[in-house]
Trainee: 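Got a structure for you, questions after.
Chain letters run A, B, ... following the sequence lines, proteins first, then strands; residues in each count from 1. We use all heavy atoms of the structure for the numbers below, so side chains are in, but hydrogens, waters and symmetry mates are not.
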Amino acid sequence: MRRTHNCNRLGTADVGKEVVLMGWVQRRRDHGGVIFVDLRDREGLTQVVFNPEIEPQVHEKAHDLRNEYVLGVRGTVQPRPEGMINPNLPTGTIEVMVNELRIFNAAETPPFLIEDRIDVSENVRLKYRHVDLRRSRLQKNLITRHRAAQNVRSYLNKSGFLELETPMLTKATPEGARDYLVPSRVNPGKFYALPQSPQLFKQLFMIAGFEKYYQIVRCFRDEDLRADRQPEFTQIDVEMSFVGEEEIMEMTEGMMAQLFDEICGIELPRPFPRLTYAESVARYGLDKPDIRFDLELTDLSDIMKDVGFKVFAGAVKSGGVVKAINAKGCIDFSRKELDDLTEFVSIYKAKGMAWIKVREDAWQSPIAKFFSDPEKAAITERLNIEPGDLILFGADSEKVVNESLGHLRNHLGKRLGLIDENAFAFTWVTEFPLAEYDPAEKRYDPLHHPFTAPMDEDMEMLETDTGAVRAKAYDLVLNGFELGGGSIRVHRTDIQRKIFEAIGLKPEESEEKFGFLLSALDSGAPPHGGIALGFDRLIMLLCRESSIRDVIAFPKTQKAACLMTDAPSDADKKQLDELSIRVRMMD
RNA sequence: GGGGGCGUAGCUCAGUUUGGUUAGAGCGCCGGCCUGUCACGCCGGAGGUCGCGAGUUCGAGUCUCGUCGUCCCCGCCA
């Protein structure tokens, strides 16, 4: 028996043909006489029919069929009788009258039905992932993932990039995320680290003269999980020589444009909008703005610095800010809803949330009494206030106000239905700070990574005002998700040493950790830079899913476990002995 | 490390507020009937460690404490 067609293939043009289909029993409808089976394969469903008047023995055998049995059937394509066409099925105009049935395998009753509309809890889905993966939603997602990967490869290939591999067993890095360690049997007591990204290797490819590199590559970070974060994830990793930021952004836009055009038939407007980091944080509160809707943050610090309301004036005087969101037409929010919003911003360390309901005649607000008429006029003008509006305030340090109002903005955008769920709104965020002061460690920490080049005009501040130096770094943001980021790298040893110094690495430390890089830079390094895009997140958004677990075949739970294989698990004593490892549980 | 939600039949959930008879429903499953269904239909049936462990009580799915798992978030992570 040899398969002739897939289960989405047959139509009225095939009537009369003898065909062989193979697949799984999606559903059996036994009418006592005639038995219908929907046969499912990767491509779709076809109704096959067992008729006792045509093949009694085959019909008899079909009584035993159950869901998820694996079959091969031989039969004749025939048109459905008058009025029996199923418009919901691509193959709904025909059916296959079976004259030979092979049961390749019986199946246990599955833990849940293989249908998209069946709602199943995540732990059941992950435990029986092989069953979950039979459902069409996940099949479609993984097929989209495959097509996207091929599309990206084709774009980069035709643009002259080389797909080059980098090691999975590599060296631990001092900064950044926690590493996954792998013990070395041959070198007792020593460890490899799994790569957090191929960052240094791709730079070394540039130094070696390959000029354009890419890889769709697995990366590992031992940090806590989120809906959009897994401990192992896939990156589209790119690096180019003899280019600046413009070329990398253009290349990336071209890649996204081709991808969305060929995978979804969507023409992305280009060039993508750009915001500087400062502008993004000022207007949206976050460095990954969702620009599908307005509801922007407005700075009122100058107006508030002398008002009678101590919380506002005090925030400004102690170096903080007062900002507000005008939720147009939301005057009807109840006390409970306002309390909920206050609780929401408290997640982001906001100590409270003042509000004003703008009535026709007056402001209804616990804080209205603190404002003079000129102050009210200034606020009204700045926020473009009209009757019916609800004004929500944040007053605190810049960081707290921006983060809390930024997340509040996203929250309200969803709640008020301001977001076009069909839109794909890309934006670049540029001119990131090179480093951020870490008060706990009393040093500057690179925002991106320590190989990022400072902007030329800020170079002099490297030693004097490190926190103010902007970097040649850029993030690509899609619908409020950070899709990825990159930078132009440092390609001169003297500057690289200065940066290591600025972030608190002692010369001997930089030599120990990154000596190979410094030496490589000295060997004739071209100017270079690149970008890395989170492939899982990209596919998640492309598939309009809300968790990357739905676009990863075998994902981990929030505690980084695989419920199907039960990894991680204990190691045999013998294995540990070979690795010279003794496990001691800390309390 | 922290905050919150969930955990009852194979699956999804009700019951927990206010402790009290034999823990229910839908879907699925099993059996019977049924020759045109496609979420087939009708009749019948089986199926429970109420996550786990202590405690309070005459009595715990329900109250208390602990613990485990899972999801969302903060921290962490680019």
Side-chain angles (χ1 to χ4, degrees), chain A residues 26-39 45-54 59 63 66-68 78 80-89 91-92 95 97 108-128 131-132 175-179 196-197 199 219-231 233 235 287-288 343-349 403-404 407 411 429 432 436 440 445-449 452 473-477 481-487 531-534 537 546-547 549 556-559 561 563 566:
Chain A
Q26 175 67 25
R27 196 184 292 280
R28 178 186 67 123
R29 290 177 295 278
D30 186 343
H31 287 251
V34 69
I35 296 170
F36 300 101
V37 166
D38 293 332
L39 196 66
L45 291 175
T46 300
Q47 174 166 284
V48 301
V49 188
F50 300 88
N51 190 321
E53 288 168 7
I54 293 177
H59 174 265
H63 273 296
R66 292 293 183 272
N67 283 350
E68 300 310 305
Q78 60 180 38
R80 300 266 185 112
E82 193 69 28
M84 296 300 157
I85 284 169
N86 184 349
N88 300 319
L89 211 57
T91 58
E95 61 196 9
M97 185 59 72
E108 295 289 324
T109 303
F112 49 90
L113 288 178
I114 316 299
E115 285 180 10
D116 285 344
R117 63 189 175 79
I118 301 289
D119 185 26
V120 189
S121 68
E122 191 104 7
N123 50 354
V124 175
R125 291 178 56 196
L126 291 177
K127 181 167 179 192
Y128 303 99
V131 174
D132 197 27
E175 36 58 57
R178 271 184 282 267
D179 287 310
Q196 296 180 21
S197 86
Q199 182 59 38
C219 303
F220 305 86
R221 289 176 192 162
D222 185 6
E223 296 295 346
D224 287 342
L225 290 81
R226 287 285 192 283
D228 62 350
R229 263 162 47 187
Q230 285 269 309
F233 61 99
Q235 240 174 226
D287 62 3
K288 44 180 183 178
E343 201 185 318
F344 178 84
V345 294
S346 76
I347 297 169
Y348 305 97
K349 307 272 181 338
E403 283 182 11
S404 58
H407 284 104
H411 183 70
V429 177
F432 272 78
E436 202 175 36
D445 248 357
L447 216 67
H448 189 51
H449 53 56
T452 301
Y474 32 82
D475 272 6
L476 183 61
V477 177
F481 286 88
E482 183 203 323
L483 254 200
S487 62
I531 192 165
L533 302 175
R537 278 185 199 168
S546 52
S547 164
R549 290 188 301 276
K556 306 262 187 297
T557 68
Q558 196 155 41
K559 283 197 71 188
L563 296 182
D566 203 29

Trainee: Please measure how far the P atom in B:rA23 lies from the corresponding atom in B:rG61, and state the result in whole Å.
Mentor: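 Pairwise P distance, B:rA23 against B:rG61, rounds to 10 Å.
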Trainee: Quick check on B:rC11: is either OP1 or OP2 less than 4.0 Å from any side-chain nitrogen or oxygen of A:Arg125?
Mentor: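 Negative; the distance criterion is not met.
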Trainee: Strictly by modelled atom types, are A:Asn67 and A:Gln26 linked by a side-chain donor-acceptor pair under 3.5 Å?
Mentor: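 No, no side-chain donor-acceptor pair sits under 3.5 Å.
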Trainee: Touch check for A:Gly534, heavy atoms < 4.0 angstrom, all strands: base, sugar-phosphate only, or nothing?
Mentor: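 Result for A:Gly534 = nothing.
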Trainee: On a whole-Å scale, what distance lies between the C1' atoms belonging to B:rA39 and B:rG26?
Mentor: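 The same atom, C1', in both gives a distance of 13 Å.
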Trainee: Give a yes-or-no answer on whether the side chains of A:Gln558 and A:Arg549 include a donor-acceptor pair shorter than 3.5 Å.
Mentor: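 A:Gln558 vs A:Arg549: no donor-acceptor pair found between side chains.
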Trainee: Atom NZ of A:Lys127 and atom P of B:rC68: how far apart are they, to the nearest Å?
Mentor: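 So the two atoms are 19 Å apart, to the nearest Å.
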Trainee: Please state whether the phosphate of B:rG28, meaning OP1 or OP2, lies under 4.0 angstrom from any side-chain nitrogen or oxygen of A:Thr109.
Mentor: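 The answer is no; no side-chain N or O of A:Thr109 sits under 4.0 Å from OP1 or OP2.
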Trainee: Base, sugar-phosphate, or nothing: which does A:Leu563 touch, judged by heavy atoms less than 4.0 Å apart?
Mentor: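 Sugar-phosphate, backbone atoms only, no base.
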Trainee: Can you measure A:Arg29 atom CZ to B:rA39 atom P for me and round it to whole angstrom units?
Mentor: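 Taking CZ of A:Arg29 and P of B:rA39, I get 7 Å after rounding.
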Trainee: Could you please name the partner base of B:rA78, counting Watson-Crick and G-U wobble pairs only when both distances are under 3.5 Å?
Mentor: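 Partner of B:rA78: none found under 3.5 Å.
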Trainee: Starting at CD of A:Gln47 and ending at C1' of B:rA39, how long is that distance when rounded to a whole Å?
Mentor: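 Interatomic distance, CD of A:Gln47 to C1' of B:rA39: 14 Å.
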Trainee: Quick one: look up who B:rC6 pairs with, Watson-Crick or G-U, both distances under 3.5 Å, and put none if it's unpaired.
Mentor: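 Answer to the pairing question: B:rG69, which forms a Watson-Crick or G-U pair with B:rC6.
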Trainee: Paired with B:rU64: which nucleotide, if any, by Watson-Crick or G-U wobble criteria at under 3.5 Å for both distances?
Mentor: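 Looking at the geometry, B:rU64 pairs with B:rA54.
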Trainee: Measure the distance from CG on A:Asn51 to C1' on B:rG36 and round it to the nearest whole Å.
Mentor: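 Whole-Å distance recorded here is 10 Å.
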Trainee: B:rG75 base to A:Asp224 side chain: any donor-acceptor pair below 3.5 Å?
Mentor: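 Under the 3.5 Å cut-off, the side chain and the base do form a donor-acceptor pair.
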Trainee: Check every strand shown and say whether A:Glu95 touches a base, only sugar-phosphate, or nothing at a heavy-atom separation below 4.0 Å.
Mentor: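 Base contact.
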Trainee: It should be established whether A:Arg226 places a side-chain nitrogen or oxygen under 4.0 Å from OP1 or OP2 of nucleotide B:rC74.
Mentor: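 Checking B:rC74 against A:Arg226, a side-chain N or O does come within under 4.0 Å of OP1 or OP2.
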Trainee: Taking only Lys NZ, Arg NE, NH1 and NH2, and the carboxylate oxygens of Asp or Glu, determine whether A:Arg80 and A:Glu95 approach each other closer than 4.0 Å.
Mentor: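 Answer for the salt bridge query: yes.
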Trainee: Would you indicate which nucleotide in B:rU70, B:rA78, B:rU12 comes nearest to any side-chain atom of A:Lys559?
Mentor: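 So the side chain of A:Lys559 is nearest to B:rU70.
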Trainee: Would you indicate what A:Arg537 reaches in the nucleic acid, counting non-hydrogen atoms under 4.0 angstrom: base, sugar-phosphate, or nothing?
Mentor: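 Nothing: the residue A:Arg537, judged by heavy atoms under 4.0 Å, touches no strand.
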Trainee: Can you find a donor-acceptor pair, distance only, under 3.5 Å between A:Arg229 side chain and B:rC76 base?
Mentor: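 Side chain to base: pair present.
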Trainee: When you compare B:rG4 with B:rG20, how far apart are their P atoms, in angstrom units rounded to a whole number?
Mentor: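 My reading of the P atoms in B:rG4 and B:rG20 gives 27 Å.
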Trainee: Does A:Asp475 reach the side chain of A:Lys288, with side-chain heavy atoms less than 4.5 Å apart?
Mentor: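 No; the side chains remain at least 4.5 Å from each other.
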Trainee: Out of B:rG36, B:rC72, B:rG75, which has the shortest distance to the side chain of A:Ala227?
Mentor: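 The answer is B:rC72, which lies nearest to the side chain.
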Trainee: Of the options B:rU35, B:rC72, B:rC38, whose atoms approach the side-chain atoms of A:His31 most closely?
Mentor: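 Selected nucleotide (nearest to the side chain): B:rU35.
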Trainee: Using a distance-only criterion (donor-acceptor N/O pair, under 3.5 Å, no hydrogens), is the base of B:rG28 paired with the side chain of A:Arg66?
Mentor: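 There is none.
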Trainee: Output the single nucleotide from B:rC11, B:rU70, B:rA78 whose closest atom is nearest the side chain of A:Glu122.
Mentor: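 Of the candidates, B:rU70 comes closest.
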Trainee: Please examine the side chains of A:Val124 and A:Phe112, heavy atoms only from C-beta on, and report whether any two atoms are closer than 4.5 Å.
Mentor: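 The answer is yes, as the side chains (C-beta and beyond) meet within the 4.5 Å cut-off.
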Trainee: Distance check, C1' atoms only: B:rC29 and B:rU12, in whole angstrom units.
Mentor: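 Roughly 15 Å separates the two C1' atoms.
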Trainee: Can you tell me how far P in B:rG48 sits from the matching atom in B:rC11, rounded to whole Å?
Mentor: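 It comes out at 13 Å once rounded to the nearest Å.
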Trainee: Atom CD of A:Glu115 to atom C1' of B:rC38: distance rounded to whole Å?
Mentor: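 One finds 11 Å between C1' of B:rC38 and CD of A:Glu115, rounded.
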Trainee: Say we look at B:rG24 and B:rG45: how far apart would their P atoms be, to the nearest angstrom?
Mentor: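 It works out to 14 Å between them.
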Trainee: Checking A:Arg229 now: which residues fulfil side-chain hydrogen bond (donor to acceptor under 3.5 Å, both in side chains) with it, not counting sequence neighbours?
Mentor: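 So A:Arg229 forms no side-chain hydrogen bond (donor to acceptor under 3.5 Å, both in side chains) with any residue.
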Trainee: Which nucleotide wins on minimum distance to the side chain of A:Asn67, given the candidates B:rA78, B:rG75, B:rG28?
Mentor: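 Among the listed nucleotides, the one closest to the side chain of A:Asn67 is B:rG28.
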Trainee: Under the rule for side-chain hydrogen bond (donor to acceptor under 3.5 Å, both in side chains), what residues qualify as partners of A:His31, not counting sequence neighbours?
Mentor: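 Expected list: none.
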Trainee: Rounded to the nearest Å, what distance is computed from the NE2 atom of residue A:His63 to the P atom of nucleotide B:rC34?
Mentor: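 My rounded result for the distance is 10 Å.
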Trainee: Whole-Å distance between B:rC77 C1' and A:Leu225 CG?
Mentor: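 Whole-Å distance recorded here is 10 Å.
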Trainee: Please give the distance between the P atoms of B:rA78 and B:rG5 as a whole number of Å.
Mentor: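 These two P atoms come out 31 Å apart once rounded.
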Trainee: Answer yes or no: side-chain N or O of A:Arg80 and base N or O of B:rC38 forming a donor-acceptor pair under 3.5 Å.
Mentor: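 Such a pair is found, so the answer is yes.
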Trainee: Would you say the base of B:rC77 and the side-chain of A:Arg221 have a donor-acceptor pair closer than 3.5 Å?
Mentor: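 Side chain to base: no pair present.
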Trainee: Nearest whole angstrom, please: distance from the P of B:rG69 to the CG of A:Asn123.
Mentor: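 One finds 12 Å between P of B:rG69 and CG of A:Asn123, rounded.
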Trainee: Which nucleotide in the list B:rC40, B:rC74, B:rC72 gets nearest to the side chain of A:Arg27?
Mentor: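 Side chain of A:Arg27 sits closest to B:rC40.
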Trainee: Compare side-chain N and O positions of A:Arg117 against OP1 and OP2 of B:rC11 and report whether any pair is under 4.0 Å apart.
Mentor: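 Answer is no, no contact under 4.0 Å.
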Trainee: Find out whether A:Ser197 and A:Gln235 are in side-chain contact, i.e. whether some heavy atom of one side chain is under 4.5 Å from a heavy atom of the other.
Mentor: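 Yes; the side chains approach each other to less than 4.5 Å.
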Trainee: Which comes earlier along RNA chain B counting from the 5' end, the contact point of A:Lys556 or that of A:Glu436, where each point is its nearest nucleotide?
Mentor: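 Nearest-nucleotide comparison on RNA chain B picks A:Lys556.
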Trainee: Which part of the nucleic acid does A:Pro111 contact within heavy-atom distance under 4.0 Å: base, sugar-phosphate only, or nothing?
Mentor: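 Since only primed, P, OP1 and OP2 atoms lie under 4.0 Å of A:Pro111, the category is sugar-phosphate.
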Trainee: Is any N or O donor-acceptor pair between the side chain of A:Glu223 and the base of B:rG75 shorter than 3.5 Å?
Mentor: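 Absent.
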Trainee: Mark this stacking check for A:Phe112 against B:rC11 as yes or no, applying ring centres under 5.5 Å and ring planes under 30°.
Mentor: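 According to the criterion (under 5.5 Å, under 30°), no, A:Phe112 does not stack.
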Trainee: Measuring only the P atom in each nucleotide, how far is B:rC63 from B:rG7? A whole number of Å is fine.
Mentor: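 Nearest-Å result for B:rC63 against B:rG7 at atom P: 12 Å.
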Trainee: Hey, does the side chain of A:Ser121 come within less than 4.0 Å of B:rG7's phosphate (OP1/OP2), counting only N and O?
Mentor: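 So the side-chain polar atoms of A:Ser121 never come under 4.0 Å of the phosphate oxygens OP1 or OP2 of B:rG7.
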Trainee: Mapping A:Ala561 and A:Met97 onto RNA chain B by nearest heavy atom, which one lands closer to the 5' end?
Mentor: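 The residue mapped nearer the 5' terminus is A:Met97.
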Trainee: Check the side chains of A:His63 and A:Asp30 for a donor-acceptor pair under 3.5 angstrom, ignoring hydrogens and angles.
Mentor: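 A:His63 and A:Asp30 do have a side-chain donor-acceptor pair below 3.5 Å.
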